[in-house]
Protein chains: 2
Amino acid sequence: MAEDRVTQAVGVARELLEADGPDAVSMRAIADRMGMRAPSLYKHVPDKATLEVHLIAAALAEFGAVLHAAGPNLPALAQAYRSWATAHPHLYTLATAQPLPRDRLPEGLEDRAAAPLLKACGGDRDRARAAWAGAHGLVSLELADRFPPDADLDAAWDAFAAAFAA
Amino acid sequence: MAEDRVTQAVGVARELLEADGPDAVSMRAIADRMGMRAPSLYKHVPDKATLEVHLIAAALAEFGAVLHAAGPNLPALAQAYRSWATAHPHLYTLATAQPLPRDRLPEGLEDRAAAPLLKACGGDRDRARAAWAGAHGLVSLELADRFPPDADLDAAWDAFAAAFAA
DNA sequence: GAGTGTAGCTAACACCGTTAGCCCGCGCAA
DNA sequence: TTGCGCGGGCTAACGGTGTTAGCTACACTC
């Protein structure tokens, strides 16, 4: 059978990333787990960046599905956003901290992930972007441990939700 | 005289970072610009991480001063936040994307940078954190080119300000 | 059976941060 | 003046990274 070595490599990369963070994701480590040496990996994958693009695509698809399932109301979306991101911190960061390789991503992926929030904002794109930024900001500051240790994150999320409820 | 080689190294690191991004900041490149080889740099600086801590401290101090100068009202703060960050994208990212090495930073640096926003929010810490997250989210998504090319960022900032104006 | 493509391998390159060990020259003390 | 320590430069090297070149062995086809 030998199901596609590329998807296998992406899976291994995801395991490594989620378990031990971005520094653990090396071509040699991936190859090791696939039972081969690093150079052989290049018979299946052109380079590491491509692998990361696949990882980002998978992450966005999964994340988008979670948001979609939360339905188009803002508090539920915020909760889903935060809980997925904190459950997959390295994946969230990978998919979010760098420019999107839009030309190498499946058509419509981005829009599909954004759709629930846009609907929750009644189609107001600017408002949706501001809300997205709020959620992303809260999540990424939390993931980077930027809030003081005594900060009440739930309360901060409530304040965020309150600002956008009006 | 030989003004402190450490501050000189930090200055060079900043130049490299601002000019060509984080990948350009290598110990060898810094040493080159100082007219020496990389190993000699270690006679003055214990390691690269320490250099980065100095860079972060300098960035936070400068950024904090800019915010302070903007005064404690939210629209002015938002404008100052965005314009400093976009003027120094790599520096902003460096100082913001990783956990703060709080134990190695000057006492009170963090609070001083946060003070203007806290005052603008009337001392409501949760609200201030939500507002900070909004600004940080907008900036970091903009810096990472995450908004669609046709997005009107000014309008998104207005929507953000409107949400927190009420 | 000859040939061809797939998929593994080792060796190597250029870079990274970092360490070990050498050596030169300056200041200071006897 | 002589000797000595040490600050501050150097080269060589280690182990890591992504990646390429070039070899080989197996399977499949004609």
Side-chain angles (χ1 to χ4, degrees), chain A residues 1-59 90-91 93-95 97-101 104, chain B residues 1-59 90-91 93-95 97-99 101 103-104:
Chain A
M1 280 290 111
E3 76 283 357
D4 196 345
R5 292 310 189 91
V6 177
T7 61
Q8 185 190 354
V10 174
V12 170
R14 176 167 179 167
E15 285 174 23
L16 290 167
L17 178 68
E18 300 221 49
D20 296 321
D23 289 355
V25 184
S26 73
M27 294 300 270
R28 283 172 174 86
I30 296 168
D32 266 10
R33 288 222 183 175
M34 295 174 68
M36 61 175 77
R37 304 312 187 86
S40 305
L41 206 43
Y42 287 81
K43 296 283 156 121
H44 307 286
V45 175
D47 53 25
K48 197 188 178 188
T50 301
L51 228 39
E52 277 171 2
V53 170
H54 285 250
L55 214 42
I56 291 172
H90 298 300
L91 207 50
T93 301
L94 175 72
Q98 24 181 337
L100 264 195
R104 310 178 60 188
Chain B
M1 281 291 114
E3 75 283 356
D4 197 345
R5 293 312 189 88
V6 177
T7 59
Q8 185 188 356
V10 174
V12 170
R14 177 168 177 166
E15 286 174 22
L16 290 166
L17 177 67
E18 299 219 50
D20 296 321
D23 290 354
V25 184
S26 73
M27 294 301 268
R28 284 171 173 87
I30 295 168
D32 265 10
R33 288 221 182 177
M34 295 176 67
M36 61 176 77
R37 304 311 188 86
S40 304
L41 206 43
Y42 287 81
K43 295 282 157 112
H44 306 286
V45 175
D47 53 24
K48 197 188 179 188
T50 301
L51 228 38
E52 277 171 2
V53 170
H54 284 250
L55 215 42
I56 291 172
H90 298 299
L91 206 51
T93 301
L94 175 72
Q98 24 181 336
D103 46 340
R104 310 178 60 188

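Chain identifiers are assigned alphabetically (A, B, ...) following the order of the sequence lines, protein sequences preceding nucleic acid strands; residue numbering begins at 1 within each chain.
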Looking only at side-chain N and O atoms, does [X] come under 4.0 Å of OP1 or OP2 in [N]?
| X | N | result |
| --- | --- | --- |
| A:His44 | C:dT6 | no |
| B:Arg37 | D:dG9 | no |
| B:Ser40 | D:dG8 | no |

Closest to the [X] side chain, choosing from [options]:
| X | options | answer |
| --- | --- | --- |
| B:Tyr42 | C:dT19, C:dT10, C:dG8 | C:dT19 |
| B:Lys48 | C:dG8, C:dG17, D:dT19 | C:dG17 |
| B:Ala38 | C:dT10, D:dG18, C:dT18 | C:dT18 |

Next on the checklist: Run the side-chain contact (heavy atoms from CB on, under 4.5 Å) test on B:Leu51 and B:Met27 for me, step by step, so that the C-alpha distance in whole Å, both residues' side-chain angles and the decisive distance to 0.1 Å come before the verdict.
Outcome noted: CA-CA 10 Å; B:Leu51 228 38; B:Met27 294 301 268; 4.1 Å; yes

Checklist entry - Does a side-chain heavy-atom distance below 4.5 Å link A:Met34 with A:His44? => result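 Contact flag for A:Met34/A:His44 side chains = no.
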
Checklist entry - Can you find a pair of side-chain heavy atoms, one from B:Glu15 and one from B:Arg33, that are under 4.5 Å apart? => result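 A side-chain contact exists here, since the closest heavy-atom pair is under 4.5 Å.
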
Checklist entry - Going by modelled atom types, is there a donor-acceptor pair between the base of C:dG8 and the side chain of A:Lys43 at under 3.5 Å? => result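 Check passes, donor-acceptor contact within cut-off.
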
Item to check | Polar side-chain contact B:Arg28-C:dG17 base: donor and acceptor under 3.5 Å | outcome: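 Indeed, a donor on one side and an acceptor on the other fall under 3.5 Å apart.
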
Separation of [X] atom [atom1] from [N] atom [atom2], in whole Å?
| X | N | atom1 | atom2 | value |
| --- | --- | --- | --- | --- |
| B:Met36 | D:dT11 | CE | C1' | 16 Å |
| B:Ile30 | C:dT18 | CD1 | P | 10 Å |
| B:Asp47 | C:dC16 | CG | C1' | 14 Å |
| B:Leu41 | C:dA20 | CG | C1' | 17 Å |
| A:Asp23 | D:dG15 | CG | C1' | 15 Å |

Checklist entry - Under 4.0 angstrom, heavy atoms only, what part of the nucleic acid is A:Val45 near: base, sugar-phosphate, or nothing? => result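 A:Val45: no heavy atom of the nucleic acid under 4.0 Å.
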
Next on the checklist: With a 3.5 Å distance limit and no angle check, can you tell me whether B:Gln98 reaches the backbone of B:Leu94 through a side-chain donor-acceptor pair?
Outcome noted: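 Yes; at least one donor-acceptor contact below 3.5 Å.
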
Item to check | Stepwise side-chain contact (heavy atoms from CB on, under 4.5 Å) test for B:Thr50 and B:Arg104 | outcome: CA-CA 9 Å; B:Thr50 301; B:Arg104 310 178 60 188; 2.8 Å; yes

